[in-house]
Every structure is written in C-alpha cells, then in structure tokens.
Amino acid sequence: MGIIRSMRSRSHRVVQEQEECVGDSMRQSCWANMPQELLREVLLRIEASEDMWPPRKSVVACAGVCRSWRQITKDIVKTPELSSKITFPISVKQPGPRENLLRCFIKRNRSTQTYYLFLSLANTLAEDGKFLLAARKCRRPTCTDYIISLDADDMSKGSNSYVGKLRSNFLGTKFTIYDSQPPHSGARIMKSRSTRLVNLKQVSPKVPTGNYPVAHISYELNVLGSRGPRRMHCVMDSIPATAIEAGGVAPTQTEFSLNNIDMFPSFPFFRSKSNRVENSMSGPLVDQRDGMLVLKNKAPRWHEQLQCWCLNFHGRVTIASVKNFQLVASAENGPAGPEHDKIILQFGKVGKDLFTMDYRYPISAFQAFAMCLSSFDTKIACE
C-alpha cells in the first residue's frame with residue numbers, strides 16, 4: 001500500500017508539473033501572438049520614456065518576456081555609439097558615443113583592493129549611480145593583475161561574470177589589457193596555463209579562459225617631476241587609427257560568447273544558437289595597413305597664478321592628483337587634424353576614494369575602466 005501511495009503521489013506531481021508547463025506555454029503564446037505593429041509601438045514608447053536608470057530596467061525586462069519581445073527589443077535598442085545609453089551588459093564592451101563623453105565614476109575600497117565602476121545618473125558629482133563593472137587587485141611575484149567582472153560579489157577569473165583583466169609588469173610601468181572574448185573575428189588568443197588545461201579537457205568548458213590582448217599601456221619618466229602629470233601612452237591593438245575619422249569604424253561586440261551566457265539566466269535576450277565569432281561582433285579587423293589607434297596624454301598648460309601645470313576638466317575633477325589624466329588620439333601616424341583634439345578618455349579625483357571617468361568613441365567602458373585602473377598602480381620608475 002505504501003508503494004502504491006508513493007506512485008500515486010509521484011503521478012500527481014508529474015501531472016501538476018505538466019499543467020504548469022502547459023500554463024507557461026499558453027502565457028508565452030499569448031505574449032508571442034500580440035500583433036507585431038502594436039508590440040513594436042509599445043516597446044518604442046517604453047524605450048523612449050525610460051531614458052535613465054533605474055527606470056530603464058523596464059527595457060531590460062521587456063527583452064526577457066518572450067522571443068518576439070526579445071527580437072524587437074534588440075532591433076529598437078541602439079548601441080552606446082548611437083544612443084549614448086548603456087542598457088544591457090554587452091554595452092560595456094561596445095564603443096561609447098561619438099558626439100559626447102559618457103559620464104561615469106569609480107569608487108575605490110582600499111581595505112579590499114577593489115574598484116567599482118558606475119554610470120553617473122546625474123550631471124552633478126553624486127555618489128549614486130548604475131553599477132557597471134568591478135575589479136579586484138591581485139598581487140603576484142612578478143606582476144599585478146586586476147580581474148574585471150560584471151559581478152561585484154564574484155571577481156574571480158573562473159567566474160562566468162569574468163570579462164577581462166589588466167596585467168602590469170613588475171615595475172608597474174607597462175600594462176596589457178586582456179579581453180575574455182575576441183574583439184574582432186581575427187583576434188588571436190594568448191597562450192596561458194588555463195588555455196592549455198582547456199585544450200587538454202581538464203577543466204569545465206564553461207570557465208572563461210580567453211586572453212585576447214586589446215591594448216598596451218606604458219608610463220614614461222615624467223620630466224616635469226611631481227609638478228606635471230604622468231606621461232601615458234596607449235596602443236589600442238583592436239582599434240584602427242581611422243576609427244576617429246568621420247565615417248571611421250571600430251570593432252563592436254554584439255553579444256557575449258557561450259562561455260558567458262549562464263550569468264543571465266532570466267534574460268533569454270543574451271542567449272544565441274550560434275557561437276561563431278563573426279556573429280558576435282561587427283567592425284573591421286585591424287591589420288598593419290590600417291595601423292592601430294594610439295592614445296597619449298593631452299599636454300597641460302602652465303598656470304601663472306597657480307604656478308603649476310593644469311588641464312581643463314570642465315568641472316569634472318576637483319582635486320589635484322598625479323593620477324589625473326586626459327587622453328587624445330596621437331598624430332604619430334599622420335598629420336594632426338581636429339579629431340586629434342577631442343578628449344577620448346579623462347580620469348580625475350573628486351574625493352578620497354572617488355574618481356570620475358568620462359569616455360567616448362572608439363573605446364568601450366571596459367577598455368576605459370582598465371586604462372584608469374592602470375593609474376592606480378604604483379609606478380616605481382615614474383615617481
């Protein structure tokens with residue numbers, strides 16, 4: 001009798017689960033069968049009305065309703081380059097707006113050696129914002145790593161939220177930015193211990209192990225001493241020098257690879273049936289004919305009244321610091337033009353552990369954040 005009761009109970013649970021599945025299917029069907037014209041109009045209005053975070057999370061929620069909503073939302077929501085908005089997690093890997101600087105700020109936690117990037121929600125220097133990325137400093141015998149993650153509570157390279165890292169040399173004067181997935185279809189992965197383990201099938205295939213170099217940063221000896229800013233030189237391996245010109249194009253990632261989709265279980269928007277690299281990005285492959293974009297410090301001017309070297313941050317920086325910098329495109333590959341005067345990235349101190357970070361096309365929030373992290377590291381040879 002006990003066995004019969006157990007079987008009946010199990011059958012009852014199966015029937016309940018089947019009914020729930022049918023119910024979910026019907027609800028899915030109801031949303032999916034909404035007229036496309038009406039659905040597009042509704043989503044267009046939501047996209048236009050929810051312009052800022054936190055209300056903008058409604059746009060993200062719409063992408064997770066069903067397949068029809070997801071596809072239309074993907075068509076409506078533009079990249080930061082066109083919209084000046086950061087909506088989905090992949091936006092942090094896409095180039096910023098062309099016409100203006102996207103305003104962000106960084107919070108530093110000295111005790112845990114962690115850094116948090118936020119999107120500014122107001123024009124004032126307020127400390128509240130939309131969380132974008134987090135980084136943790138890891139000291140090693142011969143170098144220093146900054147592990148960058150989409151999860152503020154899980155900053156490990158073995159996590160599904162891992163998006164890249166910054167690695168310095170022993171002196172802290174040279175850095176390399178690594179992306180967890182290829183920035184363009186011809187990118188080459190750097191060999192590492194984790195890569196070899198994956199090739200031998202000794203670790204889970206879900207562990208992100210990509211190390212694609214996307215930029216090299218170097219700090220040179222400051223001839224002005226403590227009275228002037230550091231001399232910074234950035235070579236963007238994945239961005240052509242022509243990207244800053246009118247009509248220039250930079251590689252743009254359009255979705256996360258299959259290694260990263262498990263971090264967004266509730267949003268089918270981020271899932272794809274194809275894992276081919278060329279389907280997850282757009283833009284040109286950087287080759288030696290195009291040349292690579294080079295960024296350098298904007299030259300400061302001497303202020304007679306203050307008797308010091310100054311840069312105009314237009315109110316975005318309030319505290320003098322050797323860490324403050326502005327980067328512009330270098331004209332070393334040709335004659336200087338008006339595009340070489342535009343500030344692509346600026347970083348500066350506004351509090352004891354609070355810093356502003358403003359960036360624009362053709363670099364992404366991830367790349368800008370990594371460049372700013374390099375400014376935090378101690379440079380024995382430069383100071």
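- The distance from atom CG of D377 to atom CZ of F175, rounded to the nearest 0.5 Å, is 4.0 Å.
- The side-chain heavy atoms of N324 and K349, taken from C-beta on, include a pair separated by under 4.5 Å.
- A 4.5 Å side-chain heavy-atom check between C138 and I147 finds at least one atom pair inside the cut-off.
- In the model, T144 has no side-chain atom that pairs as donor or acceptor with a side-chain atom of Y146 under 3.5 Å.
- Closest non-hydrogen pair, I239 versus P362, comes out as CD1-O, 3.4 Å.
- In the hydrophobic clustering of ILVMFWY residues, with side-chain heavy atoms under 4.5 Å counting as a link, L293 and V328 come out apart.
- One N or O on the side chain of R360 and one on the backbone of R98 form a donor-acceptor pair closer than 3.5 Å.
- Cluster annotation: L39 is connected to L44 through the hydrophobic network of ILVMFWY side chains, with a link wherever side-chain heavy atoms come within less than 4.5 Å.
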Review point. What do the steps show when you test I46 against C62 for side-chain contact (heavy atoms from CB on, under 4.5 Å), and what is the final call?
Key: CA-CA 9 Å; I46 294 174; C62 288; 3.7 Å; yes
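- Residues V42 and V77 share a single hydrophobic cluster, defined by chaining ILVMFWY side chains whose heavy atoms lie under 4.5 Å apart.
- Between Y115 and F376, the ring center distance clears the sub-6.0 Å criterion.
- Note on L101: it does not cluster hydrophobically with V92, by side-chain heavy-atom contacts below 4.5 Å among ILVMFWY residues.
- Between Q367 and M236, the closest side-chain pair of non-hydrogen atoms falls below 4.5 Å.
- Here the side chains of P97 and Y361 are not in contact, with every heavy-atom distance at 4.5 Å or above.
- How far CZ of F118 is from OG1 of T356: 14.5 Å, rounded to the nearest 0.5 Å.
- Between I148 and A135, the closest heavy-atom pair is CG1-CB, 4.1 Å.
- Expressed to the nearest 0.5 Å, how far CG of N211 lies from OG of S180 amounts to 9.0 Å.
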Exercise for review: Just do the side-chain hydrogen bond (donor to acceptor under 3.5 Å, both in side chains) check on N109 and S111 with the steps written out, would you?
Suggested key: CA-CA 6 Å; N109 188 323; S111 60; 2.7 Å; yes
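- Looking at every heavy atom in both residues, P251 comes nearest to P95 through O-CG, 3.8 Å.
- What you find for Y212 and Q181 is that their closest heavy atoms are CD1-C, 3.4 Å.
- Counting heavy atoms from C-beta outward, I76 and R40 have side chains that approach closer than 4.5 Å.
- Counting all heavy atoms, side chain and backbone alike, M357 lies closest to C372 at CG-SG, 3.4 Å.
- Annotation: side chain of H216 is in contact with side chain of D237 (closest heavy-atom distance under 4.5 Å).
- Side-chain atoms of L166 and S374, non-hydrogen and from C-beta on, do get closer than 4.5 Å to each other.
- Inspection of the Q94 and Q253 side chains reveals no N or O donor paired with an N or O acceptor under 3.5 Å.
- Under 4.0 Å is where a charged nitrogen must lie from a carboxylate oxygen, and between K165 and D179 no such pair does.
- When each of R139, K137, R136, R140 is tested with D145 by the rule salt bridge (charged side-chain N to carboxylate O under 4.0 Å, His left out), just one qualifies, namely R140.
- Note that SG of C66 and CD1 of I72 are 8.5 Å apart. Values are rounded to the nearest 0.5 Å.
- By the 4.5 Å heavy-atom criterion applied to side chains, R103 and R316 are counted as neighbours.
- K107 and D353 are not joined by a salt bridge, as no carboxylate oxygen comes within less than 4.0 angstrom of a charged side-chain nitrogen.
- Checking side-chain atoms of N169 against main-chain N and O of K174 turns up a donor-acceptor pair under 3.5 Å.
- We find the CZ-CD1 distance between R56 and I86 to be 10.5 Å, quoted to the nearest 0.5 Å.
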Point to revise | Pair I90-T254, side-chain contact (heavy atoms from CB on, under 4.5 Å): steps then yes or no | key: CA-CA 7 Å; I90 192 60; T254 57; 5.9 Å; no
**Study point:** Worked verdict on F366 versus V163 for side-chain contact (heavy atoms from CB on, under 4.5 Å)
**Key:** CA-CA 8 Å; F366 161 70; V163 294; 4.2 Å; yes
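- No side-chain donor-acceptor contact under 3.5 Å links D154 and S149.
- Between the CG atom of D358 and the OG atom of S120 there is a distance of 7.0 Å, given to the nearest 0.5 Å.
- Connection of L327 to I343 is not established within any shared hydrophobic cluster, with ILVMFWY side chains joined at heavy-atom distances below 4.5 Å, either directly or through further cluster members.
- A distance-only check finds a donor-acceptor pair linking the side chain of R108 to the backbone of K352 [under 3.5 Å].
- No option in F131, F256, Y162 other than F256 meets the side chain to side chain contact (heavy atoms under 4.5 Å, CB included) test with L150.
- Checking M52, E47, K78, E50 one by one against K85, the side chain to side chain contact (heavy atoms under 4.5 Å, CB included) holds for a single residue, E47.
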Exercise for review: Check the pair V65 / R70 against side-chain contact (heavy atoms from CB on, under 4.5 Å), numbers first and verdict last.
Suggested key: CA-CA 7 Å; V65 173; R70 178 169 67 253; over 6 Å; no
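- Shown here for M232 and M371, the closest heavy-atom pair between the two residues is CE-O, 3.8 Å.
- For an aromatic pair to be called close, the ring centres must be under 6.0 Å apart, and F355 with F347 satisfies this.
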